[in-house]
Amino acid sequence: MSLAEIVAFCPRCGARLVQQERFNQLRPVCPACDWVYFADPKVAAGVLVRRGETVLLVRRAIDPQRGLWTVPAGFIDAGEDPAQAARRECLEETGLEVQITGLIDVIFGQEHPRGAHFVIFYRGVETGGRIAAGDDVDQLGFFPLEDLPPLAFTTTARLLETARRMS
Ligand SMILES: [Zn+2]
C-alpha cells in the first residue's frame with residue numbers, strides 16, 4: 001500500500017481526500033480546503049564503529065529480519081540532527097557512546113514497507129559507555145570485515161562493502 005492510499009482524510013478539516021494531479025503527479029488533495037498531502041521520505045541514520053579491523057554489529061531482536069545483523073541505526077525524528085540520531089541510536093542499541101567523525105555514505109532504497117527510504121551512514125569512534133545489547137537488539141559484537149555474520153539488509157551489505165574498500 002502506498003502512503004497516498006493510507007491517508008484518507010484531510011488532517012486539517014476532516015473531509016475525504018481525492019486524488020488530483022498536483023506538482024506533476026497524483027497526490028491526495030482535500031476538495032474542501034485544498035490541502036495537499038506530500039509524502040515525505042522516511043530517513044534513518046546509522047554509524048559504523050571500528051575497533052582495529054573489526055566493526056560493531058547488532059543482531060535484530062525484532063521483525064523484519066529478526067536474527068540478522070546490521071550496524072546501529074534508526075529513524076531520525078523530525079527536527080533532529082541526523083548525526084545526533086546516529087549517536088542516540090548507537091547508545092540505545094549498544095550502550096556505547098560515540099563521537100561522529102565523518103560521513104561515509106547515503107544509501108537510497110526502501111527494503112520493507114515500514115523501512116526508511118534512505119539511510120545516512122556516519123563514521124564514529126567510541127568515547128565511553130559500556131557495551132550492552134539494548135533497544136530492539138539481542139546480541140552485539142565486533143566482527144572482522146572479512147568474516148561477517150548474516151546481514152539484515154542490502155544497505156548494510158553495501159555500507160560494509162564501502163568500509164572494506166576504505167580500509
Ligand atoms: Zn481539508
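As the structure lists them, so they are numbered: ligands from 1, and atoms in each ligand from 1.
Below 30°, between 30° and 60°, or above 60°: for Phe38 and Phe23 the angle between ring planes is between 30° and 60°, a tilted geometry.
Annotation: salt bridge (Lys or Arg N to Asp or Glu O under 4.0 Å) contacts of Glu21 (sequence neighbours excluded): none.
With salt bridges taken as basic N to acidic carboxylate O contacts below 4.0 Å, none links Asp63 and Arg114. Between Glu161 and Arg164 a salt bridge is recorded (basic side-chain N to carboxylate O distance below 4.0 Å).
Of all protein N/O/S atoms, those lying under 2.8 Å from the Zn ion (ligand 1) come to 4.
A donor-acceptor distance shorter than 3.5 angstrom exists from the side chain of Arg87 to the backbone of Val98, with no hydrogens or angles considered.
Both Ile107 and Leu160 are members of a single hydrophobic cluster when ILVMFWY side chains are connected at heavy-atom separations under 4.5 Å.
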